[in-house]
Amino acid sequence: MEIKALIFKLAEKYGRKRENLIPILQGVVQEERYISDEAMVEIARQLDISAAQVYGTCTFYSFLNTKPKGKYIIRVCETIVCDMRGKKEVISTLEDLLKIKIGETTHNKRFSLLKTECLGWCHKGPVMLVNDEVYTELTPEKIRNIIAKYKENIN
Amino acid sequence: MQSKLKRVDFIFSSNEESKKVLLKTFRKTREEILDELITSRLKGRGGAGFSTGMKWKFAKSEVADQKYIICNADEGEPGTFKDRKILDKALFKVLGGMAIAGKVVGANKGFIYLRGEYKFLVPQLKEGISDFHKLLKNELDFDFNIEIFLGSGSYICGEETALIESMEGKRGEPRNKPPFPTQYGYLGKPTVVNNVETLALVMMVCQVEAENFKKLGIHDSTGSKLFSISGDTPKSGIYELEFGMSLIDFVEEFGDGDTKSVQVGGASGFCVPRKKFETTTIGYKEDLDGDSLPTGGSMMLFNSSRSMYNVLHNYLEFFTNESCGQCTPCRIGCQQLLKGIKAIKRGDKSEEYLKQLLELTDTMKLTSKCGLGQSVANSFSSIVENFREEMIY
Ligand SMILES: Cc1cc2nc3c(=O)[nH]c(=O)nc-3n(C[C@H](O)[C@H](O)[C@H](O)COP(=O)(O)O)c2cc1C
Ligand code: SF4
Ligand code: FES
């Protein structure tokens, strides 16, 4: 969908008050994976606030990407319990499989690999999120299967 | 061996019973419910431990055309995962607690601020909320509407005023207090912010009544508490236990036989070394002798294979990443502490430098604007003072 049309649709759905801003931003990220400068300007116009205010909010939240990201965003928990339970191996397995480093996106724009803080599954660490999906008690083997599944998902 | 810890089974007990409790409670007056809560001495389970009854009383006494009830489900403290399970398995109790809060305070709108990382729960929460709305309308004739607000990946938004800013579409930067949310909260209106577990426990107070609730726990730390237990333990998971347990009994039951320290209350809590297990009790500070530690419920165990330097390093990275950056002592302080311990470890700074870093945490405690910057000192000093050699060599 064209970005202006998407934002119009989201503004109709959530409303045009300042307190509707984050749901709208989340809606843009859901569709586009990130919030472009153009999107920020358009949202500001729809909500009748300044683009700087939209930018300020976007850049505060780790899930509101302001740079292009892959279709599947992988977030590996780097907090202490997962660290103790094998986070390093999780990251190196993912880096090997995807041939990118933490913080990067694959060339074909399918995967981004990011770190995040405690995901609330410490008793089942190490843990990662792929978009909204949680994967617990990760092993290299499990990770290979998960990534294979997402690679097959063509649409 | 008989466990010395007292298990409680309320939060995850039958939700059928909870419905009866809600209907019964709604036949009482607002004042009767409030009295019961104050008598129970229920304290907030989000970490700060403020009296729930008093908080509601303040909000009730405000005159306003609109008030709000917010359930804080931002659960981001490292080592905590109990609120997720409550929402998953005992949603009715949480919604019941919110509706009772709405009745007492005079609010007809509630929100669940759910951390973005728990987005997968949304469909089932929506379904539960929709059924609950029907119950309120059909059986209680009570107009109270609950919505979910999804967070976007920010630990500081668990702080109640940052949470409110976030709901208003702004950066999640904590406000100055006072005014407290009960006076000036969401959109400037009186707002009650309570933790998920606190709201579920309101239902427990209503079910068993204040006198029985108080029989659990010790002194002012009444009732039960959910603990999220992780790290070097063969039994990691979520357990509902009576307040006031001694740490030595806890370690006996949950340790792996080689426990070196327990981090109580997450990265913003305290690290207790083995030699203090015996004298440490889990409960709210003001009413216990010896060392007592309140906790949002995070209990992380470390055995002797762990480097406490790595643990502290990990916490400081966490704080550095999650500081909202609004005030200088916290923004710069976290970075300097992290740099500082690395420099000492490398040998670029002498061990004397640790003293300066400890002074820095004291300054952060005094001058930071919110609980994040103020509590960095807790883990920093408790680790550095108890495991000094590990910081240096
Ligand atoms: C940095 C920081 C993070 C916090 N995170 C949470 C949280 O994730 N969940 C929560 O219930 N309270 C959290 N709190 C405490 C809230 O500010 C607030 O005290 C609490 O939600 C009140 O509810 P209660 O009285 O039921 O505990 C946090 C506080 C600070 C300073
Ligand atoms: S103490 Fe830290 S998190 Fe709190 S307001 Fe200051 S910079 Fe932000
Ligand atoms: S430390 Fe990784 S989920 Fe909590």
Side-chain angles (χ1 to χ4, degrees), chain A residues 14-27 29-30 35 43-44 47 49 53-65 73 75 77-85 87-88 114-125 127-137, chain B residues 75-85 115-120 122 149-157 165-173 186-187 228-233 235-238 263 266-267 298 300-303 305-306 310-315 317-318 321-322 324-325:
Chain A
Y14 293 111
R16 290 182 168 78
K17 297 209 187 94
R18 179 74 193 251
E19 60 267 29
N20 308 124
L21 176 58
I22 289 184
I24 292 174
L25 293 170
Q26 288 167 337
V29 172
Q30 174 89 27
I35 305 154
I43 292 168
L47 268 58
I49 56 180
Q53 287 171 311
V54 178
Y55 179 80
T57 298
C58 290
T59 49
F60 187 84
Y61 297 91
S62 65
F63 284 11
L64 301 180
N65 315 307
I73 302 179
R75 292 187 165 89
C77 172
E78 60 168 338
T79 310
I80 186 68
V81 186
C82 288
D83 183 271
M84 288 157 54
R85 294 176 73 126
K87 159 198 88 177
K88 280 211 182 82
L114 305 175
K115 287 195 287 191
T116 192
E117 301 292 351
C118 181
L119 288 168
W121 293 89
C122 328
H123 56 321
K124 295 200 168 158
V127 188
M128 68 180 184
L129 279 179
V130 181
N131 292 348
D132 304 328
E133 204 78 33
V134 193
Y135 296 92
T136 60
E137 295 174 314
Chain B
E75 183 158 72
E77 188 64 49
T80 318
F81 36 93
K82 46 122 190 155
D83 292 341
R84 168 175 54 74
K85 185 165 168 194
R115 68 183 305 211
E117 292 83 345
Y118 292 169
K119 189 175 171 190
F120 66 93
V122 168
F149 190 97
L150 198 62
S152 259
S154 162
Y155 164 70
I156 191 59
C157 287
E165 289 285 299
S166 170
M167 282 182 53
E168 293 179 355
K170 302 179 198 143
R171 296 168 68 84
E173 292 172 348
Y186 180 55
L187 303 176
S228 310
I229 301 171
S230 69
D232 294 312
T233 163
K235 297 198 220 171
S236 52
I238 296 160
Q263 181 77 21
S298 167
M300 299 187 284
L301 294 91
F302 302 112
N303 70 20
S305 75
R306 305 293 173 191
N310 285 350
V311 171
L312 181 59
H313 187 276
N314 190 280
Y315 294 167
E317 277 184 338
F318 172 79
N321 288 342
E322 298 297 332
C324 83

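Each chain gets a letter, A, B and so on, in the order the sequences are listed, and its residues count up from 1.
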Q: Nearest 0.5 Å please: distance from the CG atom of Asp83(A) over to the CD1 atom of Ile80(A).
A: 5.0 Å
Q | Segment of Arg171(B) engaging chain A (4.5 angstrom heavy-atom cut-off) | A | both
Q: Tell me, for Met300(B) versus chain A, whether the close heavy atoms (under 4.5 Å) come from the side chain, the backbone, both or neither.
A: side chain
Q: Heavy-atom pairs under 4.5 Å with chain A are the metric here; pick the option from Gly266(B), Gly172(B), Pro78(B) that has the most.
A: Gly172(B)
Q. Taking the six-membered ring for Trp, are Phe81(B) and His123(A) parallel (under 30°), tilted (30 to 60°) or perpendicular (over 60°)?
A. parallel
Q.
Quick check on Val134(A) against chain B: is it the side chain, the backbone, both or neither that has a heavy atom closer than 4.5 Å?
A. side chain
(Q) So which residue, Leu64(A), Asn20(A), Leu47(A), Leu119(A), ends up with the most heavy-atom pairs under 4.5 Å with chain B? (A) Leu119(A)
Q. Does Ile238(B) reach the side chain of Lys82(B), with side-chain heavy atoms less than 4.5 Å apart?
A. yes
Q) Of all of Glu117(A), Glu78(A), Lys124(A), which one pairs up most often with chain B through heavy atoms under 4.5 Å apart? A) Glu117(A)
Q: Identify which of Gln263(B), Glu117(B), Glu75(B) forms the greatest number of heavy-atom pairs closer than 4.5 Å to chain A.
A: Glu117(B)
Q. With no hydrogens and no angle check, is any side-chain donor or acceptor of Arg306(B) less than 3.5 Å from a backbone partner on Val311(B)?
A. no
Q | Result of checking Val130(A), Leu129(A), Asn65(A) against Ile73(A) for side-chain contact (heavy atoms from CB on, under 4.5 Å) | A | Asn65(A)
**Q.** Among the listed options Ser152(B), Ser228(B), Gly325(B), Gly231(B), the residue most often paired with chain A at heavy-atom distances under 4.5 Å
**A.** Ser152(B)
Q. So which of Tyr315(B), Phe149(B), Tyr155(B) has the largest heavy-atom pair count under 4.5 angstrom toward chain A?
A. Phe149(B)
Q: Using only heavy-atom distances, determine whether the side chains of Lys119(B) and Gln26(A) contain a donor-acceptor pair under 3.5 Å.
A: no
Q) Checking Asp83(B) against chain A: side chain, backbone, both or neither under 4.5 Å from a heavy atom? A) neither
Q: Considering only heavy atoms and a distance below 4.5 Å, find which of Glu165(B), Arg115(B), Glu77(B), His313(B) pairs most often with chain A.
A: Arg115(B)
**Q.** Ile22(A) side chain near Tyr61(A) side chain, heavy-atom distance below 4.5 Å
**A.** yes
**Q.** Contact class of Ser166(B) relative to chain A, heavy atoms under 4.5 angstrom
**A.** both
Q) Do you know which of Ser154(B), Ala267(B), Gly76(B) has the most heavy-atom pairs with chain A at a distance under 4.5 angstrom? A) Ser154(B)
(Q) Is Leu301(B) close to chain A through its backbone or its side chain, or both, or neither, when contacts mean heavy atoms under 4.5 Å? (A) backbone
**Q.** Backbone of Gly125(A) reached by a side-chain donor or acceptor of Arg85(A) within 3.5 Å
**A.** yes
(Q) Using heavy-atom distances under 4.5 Å, tell me whether Cys157(B) contacts chain A through its side chain, its backbone, both, or neither. (A) side chain
Q: Mark yes or no for whether Glu168(B), through its side chain, and Leu187(B), through its backbone, hold a donor-acceptor pair below 3.5 Å.
A: yes
(Q) If you count heavy-atom pairs within less than 4.5 Å of chain B, which of Glu133(A), Glu19(A), Lys17(A), Arg75(A) leads? (A) Glu19(A)
Q. Would one find more than 12 heavy atoms of other residues, nucleotides or ligands at under 6.0 Å from atom NZ of Lys235(B)?
A. yes
